[in-house]
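Both counts, for ligands and for their atoms, begin at 1 and track the order of listing. Throughout, residue positions are numbered sequentially from 1 according to the sequence presented.
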Amino acid sequence: MLVIVKETSRQMSAEAAEIVANRLRKKPNLVIGFATGSTPLGLYKLLVRMHKEDGLDFSKVTTFNLDEYVGLPPSHEASYGRYMRQHLFRHLNIPEQSIHLPDGMADDVDAHCEWYEEEIRKAGGIDLQILGIGANGHIAFNEPGSSLGSRTRIKTLAGTTLRDNARFFKRRQDLPKYAITMGVGTIMDAKEILLLATGRGKAEALRAAVEGPITAQCPASIVQLHRKVFIVLDKDAASKLAGSYPDSWHSSLLLER
Ligand code: GLP
């Protein structure tokens with residue numbers, strides 16, 4: 001587990017973009033797991049810029065998103081499908097058929113979740129999974145108490161998550177109660193994980209995830225068992241970590257591997 005602490009969230013995004021671009025240049029048919037939320041927005045902006053200005057090519061990439069709200073069509077302003085199109089997909093050259101998002105409108109949710117897992121398998125597994133973290137330690141929508149071996153399935157959203165995410169909904173009553181999410185086990189199968197966090201609101205979750213015991217009460221803590229995880233933070237998100245971590249990192253050393 002490599003923890004990299006940057007001074008600002010802007011620098012965190014730049015470091016993350018370097019890691020993603022490096023992996024993509026090394027493997028043009030990279031299978032990328034994408035996250036939503038505010039945290040990766042800076043990274044996505046930089047990837048769009050690298051595509052437009054430096055020709056970073058996404059034409060052979062396959063993507064899988066972590067999660068989606070149940071009951072929201074991709075046209076809904078708060079759906080993750082809409083988020084991905086708006087912030088990333090419409091700016092990049094990823095073929096439509098290579099993009100996978102859980103379908104929040106699926107009639108048979110269980111069958112859909114099995115199909116999603118199968119698609120990931122057929123793609124050869126996820127090479128690089130981008131992750132944010134909830135203030136309660138969730139990853140994707142695996143809330144505290146989620147099985148650490150879980151696969152893609154429907155989950156009930158925690159009260160704290162509903163409160164945190166209410167800002168994306170114009171009317172509170174539209175806030176979904178359920179989501180389809182990759183499981184903790186699905187995420188852990190990714191060959192590499194890039195976990196990002198910024199701000200003091202995430203500091204406690206980060207402390208529990210990085211330095212606390214591995215427990216389903218903080219699903220993010222499972223990444224301690226992953227063989228290749230990069231945790232890139234800004235100073236505020238790292239403010240409750242007791243260990244000392246590099247505030248600058250020679251990406252080249254890391255990215256050679
Ligand atoms: C959301 C998403 C997660 C995301 C997290 C943090 O509920 N399901 O994938 O990582 O919460 O979001 P933010 O980056 O906006 O703090």
Is [X] touching ligand 1 with its side chain, its backbone, both, or neither, if touching means heavy atoms under 4.0 Å apart?
X: Tyr80; value: side chain
X: Ala35; value: neither
X: Arg167; value: side chain
X: Leu131; value: neither

| query | With a cut-off of 4.0 Å, which atoms of ligand 1 are near a heavy atom of Phe141? | reply |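 Here the atoms of ligand 1 in question are 7 (O), 8 (N).
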
Around [atom], find the nearest protein heavy atom and jot down its residue, atom name and distance.
atom: atom 6 (C) of ligand 1; answer: Ile133 O, 3.5 Å
atom: atom 14 (O) of ligand 1; answer: Thr39 OG1, 2.5 Å
atom: atom 5 (C) of ligand 1; answer: His138 NE2, 3.5 Å
atom: atom 8 (N) of ligand 1; answer: Asp67 OD2, 2.8 Å
atom: atom 4 (C) of ligand 1; answer: Thr36 O, 4.0 Å
atom: atom 16 (O) of ligand 1; answer: Lys202 NZ, 2.6 Å

[options]: member with heavy atom nearest to [atom]:
atom: atom 12 (O) of ligand 1; options: Gly37, Ala135, Gly201; result: Gly37
atom: atom 3 (C) of ligand 1; options: Ala140, Ala179, Gly132; result: Ala140
atom: atom 7 (O) of ligand 1; options: Leu41, Asp164, Asn165; result: Asn165

Can you tell me how far [atom2] of [Y] sits from [atom1] of [X], rounded to the nearest 0.5 angstrom?
X: Phe141; Y: Asn165; atom1: CZ; atom2: CG; answer: 5.0 Å
X: Phe89; Y: Asn65; atom1: CZ; atom2: CG; answer: 5.0 Å
X: Leu233; Y: Thr198; atom1: CG; atom2: OG1; answer: 9.0 Å
X: Met12; Y: Ile231; atom1: CE; atom2: CD1; answer: 13.0 Å

| Residues Met182, Gln129; criterion side chain to side chain contact (heavy atoms under 4.5 Å, CB included); working and verdict | CA-CA 11 Å; Met182 275 188 206; Gln129 177 62 58; 3.7 Å; yes

| task | Would you sort out whether Phe64 and Phe34 count as a ring-ring contact (aromatic ring centres under 6.0 Å, His included), showing the intermediate values? | result | CA-CA 6 Å; Phe64 289 92; Phe34 280 119; over 10 Å; no

| message | Glu77 and salt bridge (charged side-chain N to carboxylate O under 4.0 Å, His left out): which single residue from Arg82, Lys170, Arg171 fits? | response |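 By the salt bridge (charged side-chain N to carboxylate O under 4.0 Å, His left out) criterion, Glu77 pairs with just one of Arg82, Lys170, Arg171: Lys170.
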
| message | Parallel, tilted or perpendicular, judged at 30° and 60°: which one describes the rings of Tyr83 and Tyr44? | response |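 Tyr83 vs Tyr44 ring planes: perpendicular.
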
| request: Test Phe169 against Tyr69 for ring-ring contact (aromatic ring centres under 6.0 Å, His included), laying out the working first. | output: CA-CA 12 Å; Phe169 290 80; Tyr69 292 111; 5.5 Å; yes

